Visitor: 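Below is a structure I'd like to ask you about.
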Amino acid sequence: MTELAQLLTGPPTFDVEALRKDFPLLQRTVRGGRPLVYLDSGATAQKPLAVLDAERDFYELHNAAVHRGAHQLAEEADELYEGARAKVAAFIGAATDEIVFTKNATEGINLVAYSMSNAATSGPEAARFVVGPGDEVVVSEMEHHSNLVPWQQLCQRTGATLKWFRVDDDGRLDTSDVDSVITERAKVVALVHQSNVVGTVNPLDVIAARAHDVGAVVVIDGAQSVPHMPVDVGALGVDFLAFSGHKMCGPSGVGVLWGRRELLAAMPPFLTGGSMIEIVEMSGTTFMPPPARFEAGVPNTAQAIGLGAAVDYLSGVGMQAIAEHEQALTSYALSRVGALSGVRIIGPVTAEARGATVSFVVDGLHPHDVGQVLDDLGIAVRTGHHCAWPLARRFNIPGTTRATFYLYNTHAEIDTLAEGIDAVQRFFS
Amino acid sequence: MTELAQLLTGPPTFDVEALRKDFPLLQRTVRGGRPLVYLDSGATAQKPLAVLDAERDFYELHNAAVHRGAHQLAEEADELYEGARAKVAAFIGAATDEIVFTKNATEGINLVAYSMSNAATSGPEAARFVVGPGDEVVVSEMEHHSNLVPWQQLCQRTGATLKWFRVDDDGRLDTSDVDSVITERAKVVALVHQSNVVGTVNPLDVIAARAHDVGAVVVIDGAQSVPHMPVDVGALGVDFLAFSGHKMCGPSGVGVLWGRRELLAAMPPFLTGGSMIEIVEMSGTTFMPPPARFEAGVPNTAQAIGLGAAVDYLSGVGMQAIAEHEQALTSYALSRVGALSGVRIIGPVTAEARGATVSFVVDGLHPHDVGQVLDDLGIAVRTGHHCAWPLARRFNIPGTTRATFYLYNTHAEIDTLAEGIDAVQRFFS
Amino acid sequence: MQLESMYQEIILDHYKHPHRRGLREPYDAEVHHVNPACGDEVTLRVRIEGGRVADVSYDGMGCSISQASTSVLTDLVVDQPLEQALAVQEAFLSLMQSRGQAEPDDDLLEDAVAFVGVSQYPARIKCALLGWMAFKDATAQAASRPVTSEGVTA
Amino acid sequence: MQLESMYQEIILDHYKHPHRRGLREPYDAEVHHVNPACGDEVTLRVRIEGGRVADVSYDGMGCSISQASTSVLTDLVVDQPLEQALAVQEAFLSLMQSRGQAEPDDDLLEDAVAFVGVSQYPARIKCALLGWMAFKDATAQAASRPVTSEGVTA
Ligand SMILES: Cc1ncc(COP(=O)(O)O)c(C=O)c1O
Ligand SMILES: Cc1ncc(COP(=O)(O)O)c(C=O)c1O
């Protein structure tokens with residue numbers, strides 16, 4: 001097989017048609033019988049049967065409150081829940097007790113931000129997390145609101161100052177001024193790993209090196225990276241990584257915060273209540289070590305177990321193979337869509353250091369209208385600012401139409417997309 | 001039918017055996033083939049098929065990110081998610097936009113507590129929520145950790161003072177000193193509706209009247225009431241009500257915070273990120289009105305939809321009928337278990353103003369050992385402090401063995417429990 | 001395609017050739033509304049004179065539906081008594097909440113009946129309402145200000 | 001009943017007649033450990049003399065398993081060289097993590113082998129380990145303090 005052919009069809013062992021059979025939703029039709037072309041996995045991914053079955057099995061056979069009972073069901077539920085934690089840990093090369101289950105990536109990021117403001121009224125071991133006036137919090141212009149607003153709010157609570165990296169015309173992070181953006185005053189640098197709008201994969205090593213030089217912690221929003229490429233926290237060199245289960249073939253209602261053990265151990269709790277306590281008296285409470293410290297109340301048990309099944313599924317297919325398949329799709333889409341006249345790609349136009357998220361604008365047309373016509377053709381894309389409004393402002397556009405690809409997408413679907421865009425233009429001409 | 005006979009068998013139209021068939025897990029056996037006697041619904045309830053099917057249907061047919069897409073799946077997902085909100089609202093007599101989906105009751109309570117500390121750095125409309133030194137936060141000695149620790153933490157963050165109601169020897173709230181416990185300094189009164197340890201149903205009217213006299217908001221932990229009795233927020237006279245889906249036949253990973261519209265509207269956000277924003281700029285963000293303001297990120301969509309199916313199921317059976325069935329079970333259990341020699345009920349010994357939670361201690365035996373032997377007989381109970389450690393201290397015991405009943409429990413299961421306790425005593429004698 | 005039910009000819013016409021677009025003086029109130037889900041925005045001014053809507057001017061960015069519906073709005077309300085304009089606004093609001101089931105009052109709504117197809121697409125209802133809600137807000141603000149004959153009030 | 005595998009005769013004996021219970025002086029370190037999931041607690045003191053465990057005294061509340069295992073612990077470690085005591089502690093820890101699969105060293109663990117049944121009940125492993133983890137902690141604390149011959153150190 002020539003390199004080009006391989007680029008066009010994906011790695012030889014990757015059988016998309018077989019994989020698609022694992023996803024019941026992909027079999028349905030929309031808008032009066034059209035086959036569904038689902039290009040919105042960046043918003044949420046579809047679920048394989050293995051995940052649905054894992055959740056259902058839990059409810060039908062083992063459902064009990066974890067960490068709380070001494071009966072057989074509770075033992076089984078515990079084992080499944082903690083087993084899921086171990087699976088997720090292995091999936092990203094972490095230690096099991098470094099994995100905190102949250103409800104989504106957003107909660108994971110809020111957890112760190114609130115823990116930092118809580119540090120001001122916590123014990124001396126939390127001192128390194130305290131932020132206040134004069135301190136700086138660094139983000140970028142390409143952040144999803146979920147990795148921007150929590151930091152704005154941290155600044156509002158504490159009097160710290162928000163700073164940010166700019167984005168260049170290609171949709172790449174402008175790191176030329178890294179030393180002036182991340183200064184000695186920086187306490188935390190929060191950055192998206194892979195942009196959910198333009199697909200850019202950011203150079204975490206450059207950022208982390210500078211952040212660590214000045215003693216800042218590095219919080220990475222992995223909502224769009226962990227589902228799509230092999231991620232090994234040992235190699236990333238960052239301190240925290242948040243991601244969502246629903247974007248990686250797992251259930252809704254579960255996310256993950258990974259943190260370095262020694263940092264988690266020193267951090268004050270965020271949500272408090274049942275199961276995260278050590279000793280409770282009316283006059284005060286002490287807390288469990290992580291991860292329990294950060295999981296208050298009866299957890300999203302079935303969802304964590306479903307996520308465990310999802311990482312098994314993804315590992316079974318192979319994250320490297322998935323990444324290569326997506327690279328092939330991305331290259332193909334960039335060339336197919338980029339070649340349409342009157343269509344402009346927003347973001348890197350080549351496949352290097354970018355993921356399978358292709359945003360574009362159609363001259364003279366609003367993304368809503370583009371999306372609506374595509375929808376009518378059975379093609380599900382997302383339109384608008386994609387929860388990264390400052391980035392749309394950066395490009396001076398109302399938003400984009402965005403197609404995102406995952407393991408179950410095909411080259412044929414990209415052809416359908418390209419033909420669809422053509423139909424859109426004809427419809428409004 | 002005589003009153004006594006009805007007391008022993010429950011209301012005539014309530015067909016427990018038929019209901020049990022709706023719950024797949026209740027068909028399983030444990031510990032080498034024994035039929036399962038599940039008396040741990042206070043920790044988490046089992047799920048009827050209707051709930052499992054609703055979740056699965058969502059994933060197989062309609063899964064999409066809500067509030068975000070313009071394609072058909074997103075429309076359908078939106079409609080199902082918002083439909084679930086309307087169902088939950090109707091279930092407790094609330095307006096739809098007063099229902100905030102959380103991950104569990106614990107998060108709901110934390111939401112209010114954090115919003116109150118955030119008020120200090122928010123705009124003037126949040127001024128009424130500000131707490132600080134000199135202000136008081138009132139709880140009780142019978143709180144679940146989830147309605148105690150968040151308030152301890154609020155006090156720690158803000159310098160306010162925690163006060164609490166005491167519990168009398170029968171496990172009832174001591175309201176004799178209500179005027180000195182709730183003073184003019186009180187900003188919030190947080191109280192459990194029905195105790196998860198002793199079953200007591202608290203007199204919310206007395207507490208709310210006093211709290212409102214002094215201008216405090218009333219936050220009710222309804223984790224154990226909403227699943228078990230008809231609850232109408234219009235009639236309760238309180239300001240906030242938090243509860244969990246998993247205790248009311250719904251999925252894990254979803255809870256609800258109800259709040260009065262005008263209070264929610266004035267409250268600053270808690271978790272921040274996608275979907276709860278109005279306008280986002282790098283320099284600052286404005287927020288959506290409730291409930292969106294309090295639901296950051298892709299929500300626990302399938303779980304909320306599952307909870308909608310759960311309230312449909314419960315309403316179909318009838319909350320009044322469920323409450324009566326549980327009352328009958330409770331009376332029977334109090335008389336059966338209370339009659340055993342060497343066994344002491346902790347909490348009210350009559351069925352008035354108490355729910356179907358029966359805690360007891362067996363002379364000379366530790367709850368763990370009691371629970372272990374019961375487990376061996378197939379009887380699932382919970383043992384320990386039940387996340388209400390101060391209450392165990394109040395009774396000077398290491399904990400209790402707790403049996404909790406729900407719509408699917410039978411009088412025969414209570415016989416099995418009583419015989420089981422007898423077997424425990426023989427085993428250790 | 002079912003699309004034609006949404007993108008009726010009349011809507012596309014207004015989109016391509018919007019009426020009364022641009023911001024003009026004098027005005028009694030100016031409001032800025034956004035649709036947070038997509039970022040569409042409109043700045044809209046109203047001028048009330050002697051109980052009539054003397055002018056509605058606007059600017060903003062948005063999809064065909066939001067642009068066209070604002071254009072149609074101005075046709076229906078400008079030069080009308082304020083009361084009549086608000087009745088039209090109400091009628092349009094009900095139409096949009098009807099999920100395609102309404103039998104709209106042609107006399108009252110004129111060109112705006114074309115939006116009945118949009119009401120079948122829940123995600124687009126907010127687009128169609130953007131300008132109309134801004135108009136409602138602006139008239140309420142204008143009403144609560146002292147009457148002037150000059151335009152801009154403080 | 002499978003219960004007998006957990007509640008072996010020897011465990012019930014220790015539970016009903018615990019050895020060395022009560023808090024005594026002199027001691028080199030005192031620790032307080034709790035099991036947050038159930039509220040069980042133990043206060044435990046160790047006295048080290050000339051590299052040997054001279055005494056282990058304890059008090060607390062807990063289930064049969066935690067009480068019996070602490071009683072057995074004292075039998076195995078008191079009057080032993082510290083090194084040997086810690087080896088026993090290690091061996092007991094592995095036994096409890098074995099899920100009933102271990103072939104425990106009878107010579108080292110003596111009565112403590114009876115707890116192999118407990119290791120099959122995940123929720124009870126912490127009960128069995130409560131006193132043993134306290135002992136480990138206490139010896140570590142004692143080791144890190146200046147040697148005294150009087151007992152209590154600051
Ligand atoms: C009275 C009471 N409050 C609060 C909670 C907390 O509920 P969750 O753990 O689902 O957040 C529970 C149950 O665990 C409870 O019984
Ligand atoms: C880059 C990025 N960060 C964060 C999020 C937030 O994830 P969630 O909404 O699941 O919390 C998303 C997705 O919505 C995302 O794409």
Side-chain angles (χ1 to χ4, degrees), chain A residues 24-25 28 30-31 40 43-44 46-47 52 56 59-61 63-65 68-73 103-104 106-107 110 121 144-146 149-150 152-153 156-157 164 246 251-253 271-274 277 280-282 285 296-298 300-303 368 371-372 375 380 382-383 387 389-390, chain B residues 24-25 28 30-31 40 43-44 46-47 52 56 59-61 63-65 68-73 103-104 106-107 110 121 145-146 149-150 152-153 156-157 164 246 251-253 271-274 277 280-282 284-285 296-298 300-303 368 371-372 375 380 382-383 387 389-390:
Chain A
L25 190 138
R28 76 164 272 186
V30 287
R31 298 292 180 217
D40 197 19
T44 202
Q46 299 306 335
K47 324 301 178 198
L52 305 185
R56 185 137 187 161
Y59 286 130
E60 294 198 347
L61 295 173
N63 177 57
R68 298 193 173 199
H71 52 79
Q72 186 180 344
L73 292 179
K103 70 173 171 179
N104 51 23
T106 303
E107 184 195 332
N110 276 271
T121 50
H144 189 282
H145 296 158
S146 289
V149 188
Q152 291 179 334
Q153 294 287 114
Q156 183 168 324
R157 288 196 298 279
W164 54 89
H246 69 92
S252 61
L271 298 175
T272 58
I277 57 89
V280 180
E281 302 186 350
M282 291 308 289
T285 294
V298 171
N300 35 11
T301 319
Q303 293 73 41
H368 258 185
Q372 194 76 50
D375 170 52
R382 200 174 156 203
T383 63
C387 298
W389 204 333
Chain B
L25 189 137
R28 75 164 272 184
V30 288
R31 297 295 180 215
D40 198 19
T44 203
Q46 298 307 334
K47 323 300 178 201
L52 304 185
R56 184 134 187 163
Y59 286 129
E60 295 198 346
L61 295 173
N63 177 58
R68 296 193 175 200
H71 52 77
Q72 185 180 345
L73 292 178
K103 71 173 170 179
N104 52 22
T106 303
E107 184 196 332
N110 276 272
T121 49
H145 296 158
S146 290
V149 187
Q152 292 178 335
Q153 294 287 305
Q156 182 167 324
R157 289 196 297 278
W164 54 88
H246 69 90
S252 62
L271 297 175
T272 57
I277 56 89
V280 180
E281 302 186 349
M282 290 309 288
T285 294
V298 172
N300 36 11
T301 319
Q303 293 73 44
H368 257 185
Q372 194 76 50
D375 171 53
R382 200 175 155 201
T383 63
C387 298
W389 204 334

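A, B, ... follow the sequence lines: proteins, then strands. Residue 1 opens every chain. Computed from a predicted model, the values in this text were never measured in an experiment.
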Visitor: When only pairs under 4.5 Å are counted, which of Thr121(A), Val149(A), Thr44(A), Thr272(A) shares the most heavy-atom pairs with chain B?
Guide: Thr272(A)

Visitor: Checking Leu73(B) against chain A: side chain, backbone, both or neither under 4.5 Å from a heavy atom?
Guide: side chain

Visitor: What pairs with Arg157(B) under salt bridge (charged side-chain N to carboxylate O under 4.0 Å, His left out), at least two apart in sequence or on another chain?
Guide: none

Visitor: May I ask you to decide if Glu281(B)'s main-chain N or O and Gln152(A)'s side chain share a donor-acceptor pair within less than 3.5 Å?
Guide: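 The answer is yes, because a donor-acceptor pair under 3.5 Å joins these two groups.
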
Visitor: Out of Gln72(A), Glu60(A), His145(A), Gln372(A), which one racks up the most heavy-atom pairs below 4.5 Å with chain B?
Guide: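 Maximum pair count with chain B is reached by Gln72(A).
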
Visitor: Measure distances from Asn104(B) to the heavy atoms of chain A and classify the residue's part below 4.5 Å as side chain, backbone, both or neither.
Guide: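 For Asn104(B), the side chain is the part near chain A, not the backbone.
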
Visitor: Are Leu25(A) and Lys47(A) packed together at the side-chain level, in the sense that at least one heavy-atom pair is separated by less than 4.5 angstrom?
Guide: no

Visitor: Would the distance check show the side chain of Tyr59(A) and the main-chain N or O of Pro24(B) forming a donor-acceptor pair, the cut-off being under 3.5 Å?
Guide: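 Checked: no pair found.
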
Visitor: For Gln153(B), which atoms come within 4.5 Å of any heavy atom of chain A: side chain, backbone, both, or neither?
Guide: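 The side chain, not the backbone.
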
Visitor: For Ile277(B), is it the side chain, the backbone, both, or neither that has a heavy atom closer than 4.5 Å to a heavy atom of chain A?
Guide: side chain

Visitor: Hey, are the side chains of His246(B) and Thr301(A) touching, using non-hydrogen atoms and a 4.5 Å cut-off?
Guide: no

Visitor: Which bit of Arg28(A) comes within less than 4.5 Å of chain B, counting heavy atoms only: side chain, backbone, both or neither?
Guide: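 Looking at Arg28(A), just its side chain touches chain B.
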
Visitor: With rounding to the nearest 0.5 angstrom, report the NZ to CD distance, Lys103(A) to Gln303(B).
Guide: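 The distance works out to 11.0 Å.
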
Visitor: As an exercise: rank Val280(A), Thr106(A), Asn300(A) by heavy-atom pairs under 4.5 Å with chain B and give me the winner.
Guide: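 Looking at each option in turn, the highest pair count goes to Val280(A).
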
